[in-house]
Engineer: 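Below you'll find the structure I mean.
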Amino acid sequence: MTSMTSQIFEPNGEGIQAAAAVLRRGGIVAFPTETVYGLGADAFNEEAVRRIYAVKGRPADNPSIVHIARASDIGLLTPAVAPDVVRLADAFWPGPLTMIVEKRPEVPGVTTGGLATVGVRLPDSDIARALIRAAGSPVAAPSANPSGRPSPTAAAHVLADFEGARPGAGLAPDAVLRGPDCRIGIESTVVDMTASPPAVLRPGYVTAYDLSNVLGVDVTDAREGGGEEGAAPKAPGMKYRHYAPEAEMLVIEGAREKVESEIGRLKTLNEGIGRRVGVMLFEEEAYMRAAHDFFARLRALDREGVDLILAGALPMADGLGFAVMNRMMKAAGYNIVKV
Ligand code: TXA
Ligand code: MG
């Protein structure tokens, strides 16, 4: 089953049971988490996971994160839980941390993009955990956006992406569990626990510094996505556009006053030649707010129909600032000027 339009369920007991029933019969449910909305299916049902990839338009070799309802359920997915995995689970679960661990043979290859590992997360959202518990099986869920587009941080974003509003829209999730806006707003930190020392593959709210403090070793911080001066993306895939708005996007990096005046200058210049310009400039040091608003702002600017987005870079010395910058640089296709 895969539909053209989605049933909408409210996040109460009845709605959660109905959404879980959709998962149990192999359907796809978009649901809220504390990070972003996920597009979920039973992680052990190959056909169902394949349909997620069809609905998302996602390449089959990009693995999905598997979500569990209680920490001990990690044993359903991996044969051996290392002490460091237990330490991080104790410290950060439920929460925005995904751990990459060796997978059990029972976990289908379609779920893990053909890898021998699986990414596991226990979300800090009562609605998400209730849904997974009622489904009775771990839930594979990439972010609920069409591949390449900004992640959804509100139920309305999911509905806008899949309810025929999008040109060329076809498939939609079978159901959308209409929960609250996501508290954090950027996706979970992904840490590879099969590497020694563990390595952050995707930065997020939980920083490499936080992980290092718990483990007592220096967790590698990928620093990809424009982290350090002149750093090139590590994998070829990282140079492709991700989280891409419709508009062209340019990041301006430098001291605050210089950034503000350069944005003003570029705005005037571009408007002078008839282009519509949107500005994304977060308050200084308001990193939580920046993470919370980032994807929603991108979507709002697209809805306004701007041609060019001028975005002020966040300082990357802050862990959350770094995580937001990872998304901002990808959204802009690494289009940056320094002032
Ligand atoms: O916050 C989140 O993580 C959200 C919510 C729904 O939980 N999910 C999410 O999923 O962002 P997705 O599919 O959009 O991003 C998952 C990332 C991808 O970059 C994927 O390549 C990586 O995690 N990943 C998943 N499993 C992996 C594995 N076994 N090895 C390496 N990377 C993996
Ligand atoms: Mg995603």
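As the structure is a computational prediction, the values presented were derived from the model and not from experiment. As the structure lists them, so they are numbered: ligands from 1, and atoms in each ligand from 1. Position 1 is the first residue of the sequence; numbering continues from there.
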Engineer: I'd like to know whether CD of E106 has more than 12 heavy-atom contacts from other residues, nucleotides or ligands below 6.0 angstrom.
Structural biologist: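 Yes, CD of E106 has more than 12 neighbouring heavy atoms, counting only those of other groups under 6.0 Å.
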Engineer: So if I count the atoms of ligand 1 from 1 in the order they appear, which ones are less than 4.0 Å from some heavy atom of L115?
Structural biologist: 28 (C), 29 (N), 30 (N)
Engineer: With only distance considered, is T35 within less than 3.5 Å of ligand 1 through an N or O on each side?
Structural biologist: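 N/O-N/O distance under 3.5 Å: yes.
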Engineer: Take a 6.0 Å sphere around CZ of R289 and say whether it holds more than 12 heavy atoms from other residues, nucleotides or ligands.
Structural biologist: no
Engineer: Atom CD of residue position E271 - does it have more than 12 heavy atoms of other residues, nucleotides or ligands inside 6.0 Å?
Structural biologist: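 Yes.
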Engineer: Quick check on K103 - does any of its heavy atoms sit under 4.0 Å from an atom of ligand 1?
Structural biologist: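 K103: no contact with ligand 1 (<4.0 Å).
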Engineer: Tell me, which protein residue and heavy-atom name are nearest atom 29 (N) of ligand 1, and how many Å apart are they?
Structural biologist: T117 OG1, 3.0 Å
Engineer: To check your reading of the model: name the closest protein heavy atom to atom 6 (C) of ligand 1, its residue, and the distance in Å.
Structural biologist: G38 CA, 3.6 Å
Engineer: When you measure from atom 15 (O) of ligand 1 to every protein heavy atom, which one gives the shortest distance, and what is it?
Structural biologist: R202 NH1, 3.0 Å
Engineer: Could you tell me, atom by atom, which parts of ligand 1 come under 4.0 Å of a heavy atom of N62?
Structural biologist: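 In order of numbering, the contacting atoms are 18 (C), 20 (C), 21 (O).
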Engineer: Could you identify the single nearest non-hydrogen protein atom to atom 9 (C) of ligand 1 and state the distance to 0.1 Å?
Structural biologist: S143 N, 3.6 Å
Engineer: Once you restrict to heavy atoms under 4.0 Å, what part of R121 touches ligand 1? Side chain, backbone, both or neither.
Structural biologist: side chain
Engineer: Can you tell me the protein heavy atom closest to atom 4 (C) of ligand 1 and the distance?
Structural biologist: V36 CG2, 3.7 Å
Engineer: Examine all N, O or S atoms of S147, backbone included, and report whether one is under 2.8 Å from the Mg ion (ligand 2).
Structural biologist: no
Engineer: Assess the residue pair T189 and T207 against the criterion (side chain to side chain contact (heavy atoms under 4.5 Å, CB included)); give the C-alpha distance rounded to whole Å, side-chain angles, the decisive distance to 0.1 Å, and a yes or no.
Structural biologist: CA-CA 7 Å; T189 304; T207 66; over 6 Å; no
Engineer: If you look at every heavy atom in R183 and D124, which pair is closest and at what distance?
Structural biologist: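 Result for this residue pair: NH2-OD2, 2.9 Å.
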Engineer: Hey, which atoms in ligand 1 end up nearer than 4.0 Å to a heavy atom of P142?
Structural biologist: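 The atoms of ligand 1 under 4.0 Å from a heavy atom of P142 are 10 (O), 12 (P), 13 (O).
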Engineer: Is there a donor-acceptor pair closer than 3.5 Å between any side-chain N or O of R202 and the backbone N or O of A323?
Structural biologist: no
Engineer: Once you measure the plane-to-plane angle for F295 and Y243, does it fall in the parallel (<30°), tilted (30-60°) or perpendicular (>60°) bin?
Structural biologist: tilted
Engineer: Is there at least one pair of N or O atoms, one from E187 and one from ligand 1, spaced under 3.5 Å apart?
Structural biologist: no
Engineer: So which heavy atom in the protein is nearest atom 24 (N) of ligand 1, and how far is it from that ligand atom?
Structural biologist: P63 CG, 3.7 Å
Engineer: Within the structure, is a non-hydrogen atom of A141 found at a distance of less than 4.0 Å from ligand 1?
Structural biologist: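 True for this residue.
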Engineer: May I ask you to identify the nearest protein heavy atom to atom 7 (O) of ligand 1, giving residue, atom name and distance to one decimal place in Å?
Structural biologist: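 Heavy-atom neighbour on the protein nearest atom 7 (O) of ligand 1: H67 NE2, 2.6 Å.
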Engineer: Where's the contact between E34 and ligand 1, heavy-atom distance under 4.0 Å: side chain, backbone, both or neither?
Structural biologist: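 Contact part for E34 vs ligand 1: neither.
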Engineer: Below 4.5 Å, heavy atoms only, C-beta onward: do E46 and V49 meet side chain to side chain?
Structural biologist: no
Engineer: Do I68 and L76 come within less than 4.5 Å of each other through their side chains, counting heavy atoms only?
Structural biologist: no
Engineer: Within the supplied structure, the quantity of interest is the number of heavy atoms (other residues, nucleotides, ligands) at a distance under 6.0 Å from Y205 OH; does it exceed 12?
Structural biologist: no
Engineer: Please examine the side chains of E304 and I309, heavy atoms only from C-beta on, and report whether any two atoms are closer than 4.5 Å.
Structural biologist: no
Engineer: What residue and atom, counting heavy atoms only, is the protein's closest point to atom 23 (O) of ligand 1, and at what distance?
Structural biologist: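 Among all protein heavy atoms, the one nearest atom 23 (O) of ligand 1 is V190 CG2, 3.8 Å.
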